Amino acid sequence: MQGQMMHYPLTIGHFLERAEKLFPKVEVVSRLPDRSLHRYTYGEFASRARKLASALLKLGLKDGDRVGTLMWNHYAHLEAYFGIPIAGGVLHTLNLRLHPTDLAYIIEHAGDRFLIVDDVLLPLWEKVAPMVKNVEEVIVVPLTGKPVPEGFLDYEQTIAPAGELEEFRIAGEEQALGMCYTSGTTGRPKGVVYSHRAVVLHSLASALPDALNLSQKDVLLPVVPMFHVNAWGLPFTATMTGTKQVLPGPYLDPESLLDLYEREQVTATAGVPTIWLGILQALEKEPNRWKLVPGMRMVVGGSAAPEGMIRAFDKFGLRVIHAWGMTETTPLGTVSYLKSYMEDLPEDEKYRIRAKQGLPVPLVEARGWGEEGEIPWDGKTMGELQVRGPWIAESYYNLPEGADKWTEDGWFKTGDVVTIDAEGYIEIVDRTKDLVKSGGEWISSVQLENALMGHPAVAEAAVIAVPHPKWQERPLAVVVLKEGASATEEELKAFLEPKFAKWWIPDRIVFVEEIPRTSAGKFLKSKLREQFKDFKWE
Ligand code: ADP
């Protein structure tokens, strides 16, 4: 017997209509380049997103045309998030931290016909422009209020005369809504194409109590850039729930963020660990300066949230939620939370669990795959994390050679190495290429890094494999000390000793001023490995 329910397509057009009908008075607040705050409501947002859609169609946008965005987190970017897809276009967010040649490659590979750029980012676009031929029209958002230079369209003047698009050009839930390229820490950037259906289901899962627990009553500030995996889908999720959004513009330094958290009474926020380490240091320096909402949730992902950081924020009454995901998974894959019967566990054990990457969210299936097939749930055996589900990519855009990232039975190979414990909690112990292979045994660089970052004098630590005459590879730790703090190599090794097998302890710990990072703020280990490839063990 067949179910007898309507075939109602899952599209973000519904989110837009819902927000404008039910929550037209809810605010969207954006920090502008001059640091002032721009405020308007979902009502105004929806009207302008519809106008942007009409304007794009008038400019000649055809179904499936890619529209690139080179923008910070603010109201106009949110308009593009909805205006482009409802016009039948594909929102292609561009990572403004990439090198101009990488941006040119991505814009050409995606075949962007139109581009929307912040006026403050025009200098970047001008470096990219000579390298690309496919962009026909560039629309500039005059965030500073200064006149838009000749040769570009002014965003405000382009949308002002346009009518509000009434009929959305969304043919069905499988239609492409947007695309995003991986940041290329592993070879050439690869394009991932999101469908309406994937984003809608992802939004529902993201809002669940055991994920972000996002409600209409929240105030959300996504620190994670809207140019990186759609800010983890949060602009879509928050529009779905009708939640007030606070968008930080170009100001992502700890003080600017803490000021916004306090001023707008933010209850939920999200970003990569680097951001939170900075915020923590600011709070530790001036513990009474900011009055934050008690229990503010901070979703941390993109790289591992060190246990020490989770503990430290708890002291300030702020709750870190550790999540894992990637560009190919829209991105939410797992979230760490305690099961009901774990609340009485000893504190240390609870922190251990919260520092893991957690349990797969509903509709995502996960398994660890080792040399002998699926790894046991023993918390020890390492294997590659493989996932499948309705918001996991099934291929890369126009990249046949990328097909080896999927198994024959249809799982996506994440490249992350994990253990899974008896309760099903996944812990990332490394990326396949970052493991240290010492005398035939694997050492997890990530676990060593997290332990080192638990030392009070350590600001940042990266552990890399360096060739070794006897053991093939041995771990080398590269450490940045906190301002004004001191620690010796011996002290740090002694700090690690009780936590690891003897042969895991890095043979040497070297101190540096800073660790090279990727455009998404992650440690750039390939660069570190290059830097230390001739390191002399003594
Ligand atoms: P890139 O592959 O360029 O780094 P992504 O932003 O898609 O781009 O990164 C996804 C990767 O980030 C994951 O495969 C994983 O290695 C890492 N990652 C994401 N979240 C976490 C986390 N909570 N803990 C550890 N690693 C994480």
Side-chain angles (χ1 to χ4, degrees), residues 93 95 97-99 102 106 179-192 194 202 206 211-212 223-233 270-277 298-307 309-310 320-337 353-361 364 366 368 382 384-387 391-393 396 402 405 411-419 425-435 444-450 453 462-463 516-527:
T93 52
N95 185 338
R97 299 213 175 96
L98 291 180
H99 191 271
D102 281 334
I106 289 172
M179 69 192 300
C180 181
Y181 279 68
T182 61
S183 3
T185 40
T186 46
R188 273 275 186 211
K190 301 185 269 292
V192 175
Y194 306 107
H202 178 268
S206 302
L212 187 52
V223 184
V224 47
M226 290 168 79
F227 55 74
H228 195 69
V229 212
N230 305 329
W232 300 347
V272 293
T274 341
I275 296 277
W276 306 125
L277 289 173
M298 316 166 66
V299 182
V300 182
S303 48
E307 187 183 317
M309 192 178 92
I310 304 179
V320 170
I321 301 171
H322 193 192
W324 167 90
M326 48 199 309
T327 307
E328 292 88 334
T329 68
T330 311
L332 189 63
T334 72
V335 181
S336 205
Y337 55 93
I353 298 171
R354 284 181 56 198
K356 293 189 179 196
Q357 279 69 18
L359 303 171
V361 294
V364 171
M382 295 183 194
E384 184 182 39
L385 178 63
Q386 301 184 347
V387 290
W391 54 85
I392 313 294
Y396 290 116
K405 290 279 276 181
W411 293 68
F412 173 67
K413 300 199 258 180
T414 64
D416 287 327
V417 181
V418 294
T419 60
Y425 287 84
I426 294 170
E427 177 165 18
I428 308 249
V429 294
D430 232 319
R431 284 190 126 177
T432 34
K433 60 184 185 351
D434 291 339
L435 278 171
S444 154
S445 63
V446 172
Q447 284 172 356
L448 290 168
E449 287 160 6
N450 288 342
M453 288 192 268
V463 173
R517 292 185 179 282
T518 71
S519 60
K522 303 181 195 190
F523 294 152
L524 190 51
K525 293 216 190 153
S526 52
K527 184 135 181 225

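Keep in mind that this is a model prediction, so the values were computed, not measured. Both ligands and their constituent atoms are indexed starting at 1 by order of listing.
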Does Glu449 reach the main-chain N or O of Val463 with its side chain, forming a donor-acceptor pair under 3.5 Å?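 Confirmed, Glu449 side chain pairs with Val463 backbone.
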Under 3.5 Å, side-chain donor or acceptor atoms of residues 320-329 against the rest of the protein: list the pairs with distances, not counting sequence neighbours.
unit_1, atom_1, unit_2, atom_2, d
His322, ND1, Ala355, O, 3.0
His322, ND1, Lys356, O, 3.0
His322, NE2, Ala305, N, 3.1
Trp324, NE1, Asp416, OD2, 2.9
Glu328, OE2, Tyr396, OH, 2.6
Thr329, OG1, Met326, N, 3.0
Thr329, OG1, Met326, O, 3.0
Thr329, OG1, Pro331, O, 2.5

Should one rank [options] by closest heavy-atom distance to [atom], which comes out on top?
atom                    : options                        : result
atom 19 (C) of ligand 1 : Gly325, Gly301, Ala355         : Gly325
atom 14 (O) of ligand 1 : Val429, Asn450, Val300, Asp416 : Asp416
atom 22 (C) of ligand 1 : Gly358, Ser336, Ser303, Pro306 : Ser303

Pairs of nitrogen or oxygen atoms closer than 3.5 Å, one from [X] and one from ligand 1: do any exist?
X      : answer
Ala323 : yes
Ala305 : no
Ala304 : yes

If the cut-off is 4.0 Å to any non-hydrogen atom of His228, which atoms of ligand 1 fall inside it?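 In order of numbering, the contacting atoms are 6 (O).
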Under a 4.0 angstrom heavy-atom cut-off, which atoms of ligand 1 come close to His322?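 Counting atoms of ligand 1 from 1, those under 4.0 Å from His322 are 22 (C), 23 (N), 24 (N).
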If you measure from CE on Met453 to CG on Leu448, what distance do you get to the nearest 0.5 Å?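 These two atoms lie 10.5 Å from each other.
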For ligand 1, indicate whether the residue Arg431 contacts it via side chain, backbone, both or neither (heavy-atom separation under 4.0 Å).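 Just the side chain.
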Side-chain donor/acceptor pairs under 3.5 Å, residues 224-232, sequence neighbours excluded:
none

